[in-house]
Engineer: 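Right, I'll just put the structure down here and ask away after.
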There are 2 protein chains.
Amino acid sequence: MDISIERLCIENGLKMTGPRRVIARVLSEATDHPDVEELHRRANRIDNRISLATVYRTVRLLEAKGILSRRDLGSRRARYEPSGDGNHFHLVDKETGNVIEFETPEVEDALRIIARTHGLEVDVIKIELFGRRSAK
Amino acid sequence: MDISIERLCIENGLKMTGPRRVIARVLSEATDHPDVEELHRRANRIDNRISLATVYRTVRLLEAKGILSRRDLGSRRARYEPSGDGNHFHLVDKETGNVIEFETPEVEDALRIIARTHGLEVDVIKIELFGRRSAK
DNA sequence: TTAAATGCAAAGCATTTGCTAAAGG
DNA sequence: CCTTTAGCAAATGCTTTGCATTTAA
């Protein structure tokens, strides 16, 4: 079982309470991009006394520590994923809402160079593509 | 005076009411990325009877018609800009909040090709870079 | 004339917060 | 112990909506 998020919490000096441990586990096991409500649902399957407010507070804390990254992906709700999953971007199928992750170091480099010509050193790169299944 | 947004509204068969004309003018004159509240403020300088609800309804309508594009740029409020300003992306200075626009057809092409390898035809491309003034 | 648009206030979501009780180190 | 955290419910902030009225075409 993967407990990397919990380990990261400990390394960051966070108090490992019951709820926090459960949320860390849910995050570690997720392979998708759950929103807060979904995280709450999954956490409650393990311990149904965990409140939504705690989930919100936890993801906000973990984001501040750099453990999680927040994504918007068009919808109204924020989605979270472990920051450690490497630099990747999102390709969203508008019809199904399905999200594909991809990497592209060349594009990253190109963007960093562009930023530099504007005098900025890039820190965070967000790329989101929205499209639909080709007719073909 | 530039009234391009109003022209686009007419071409799209939209009824040109007083409020709508004012909002169109405000949008045409904007060179930045105003949020809805700011659009409302600017519209009210011209006619203070225009309600916030109308501004919301109008930007939503214009977005549906493809006349406006919505941007998130990190904050929780939606920001709008004319779609006709060419495909451009945003480089945000984290310290000042200043937004620089840039274009990069090569990167766009590269991303379209990547999407195609995943069987999707890209429709919308969003790129946001966040960085800070280089130490030099 | 008549369907569409407006204003207002109320409702809706997602998210945050104040407060008190509980619990980790 | 003593600070941090959890739970709850109320508050917040942005956005949408219902309804009666006005307006453009």
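Chain identifiers are assigned alphabetically (A, B, ...) following the order of the sequence lines, protein sequences preceding nucleic acid strands; residue numbering begins at 1 within each chain. When reading the values below, keep in mind they use all heavy atoms of this one structure, side chains included, and skip hydrogens, waters and symmetry mates. Just so it is clear, the model here is predicted, and its values are computed rather than measured.
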Engineer: Do Ser83(A) side-chain atoms and Ile67(A) backbone N/O form a donor-acceptor pair below 3.5 Å?
Structural biologist: yes
Engineer: Just the rounded figure in Å: distance from C1' of dT17(C) to CG of Leu61(A).
Structural biologist: 16 Å
Engineer: Among dT15(D), dT15(C), dG7(C), which is the nearest nucleotide to the side chain of Leu52(B)?
Structural biologist: dT15(D)
Engineer: Inspect the surroundings of CZ in Arg41(B) and state if more than 12 heavy atoms from other residues, nucleotides or ligands are less than 6.0 Å away.
Structural biologist: yes
Engineer: Any side-chain N or O of Arg76(A) less than 4.0 Å from the OP1 or OP2 oxygen of dT15(D)?
Structural biologist: no
Engineer: Reading DNA chain C from 5' onward, which residue's closest nucleotide shows up sooner: Arg77(A) or Pro19(B)?
Structural biologist: Pro19(B)
Engineer: So which nucleotide from dT17(D), dT15(C), dT17(C) ends up closest to the side chain of Arg60(B)?
Structural biologist: dT17(D)
Engineer: In the 5'-to-3' direction, what one-character label does each nucleotide of nucleotides 18-25 of chain C receive under the scheme B = base within less than 4.0 Å of a protein heavy atom, S = sugar-phosphate only, - = no such atom?
Structural biologist: B----BBS
Engineer: Rounded to whole angstroms, how far apart are CG on Asp47(B) and P on dA5(C)?
Structural biologist: 18 Å
Engineer: Rounding to a whole Å, what distance do you find between Asn12(B):CG and dA25(D):C1'?
Structural biologist: 17 Å
Engineer: I need the CZ-C1' distance between Arg20(B) and dT6(C), as an integer number of Å.
Structural biologist: 10 Å
Engineer: Rounding to an integer number of Å, can you tell me how far His40(A) NE2 sits from dT15(C) P?
Structural biologist: 13 Å
Engineer: Report the distance from atom OH of Tyr56(A) to atom P of dA11(D), rounded to the nearest whole Å.
Structural biologist: 19 Å
Engineer: Figure out the CG/C1' separation between Asn48(B) and dT6(C), and round it to whole Å.
Structural biologist: 15 Å
Engineer: Keeping Arg20(B) on the side-chain end and Lys15(B) on the backbone end, is there a donor-acceptor pair under 3.5 Å?
Structural biologist: yes
Engineer: Look at the side-chain N and O atoms of Ser51(B) and state whether any lies under 4.0 Å from the OP1 or OP2 oxygen of dT6(C).
Structural biologist: no
Engineer: For the pair Thr54(B) (side chain) and Ile50(B) (backbone), establish whether a donor and an acceptor sit closer than 3.5 Å, ignoring hydrogens and angles.
Structural biologist: no
Engineer: Do any N or O atoms from the side chain of Arg133(B) and from the backbone of Leu120(A) form a donor-acceptor pair under 3.5 angstrom?
Structural biologist: no
Engineer: Can you tell me how far the CZ atom of Arg25(A) sits from the CG atom of Asp47(A), to the nearest 0.5 Å?
Structural biologist: 11.0 Å
Engineer: Separation of Arg79(B) atom CZ from dG13(D) atom C1', in whole Å?
Structural biologist: 15 Å
Engineer: Applying side-chain contact (heavy atoms from CB on, under 4.5 Å), run through His40(B) and Glu37(B) and close with a yes or a no.
Structural biologist: CA-CA 5 Å; His40(B) 182 233; Glu37(B) 204 180 294; 5.5 Å; no
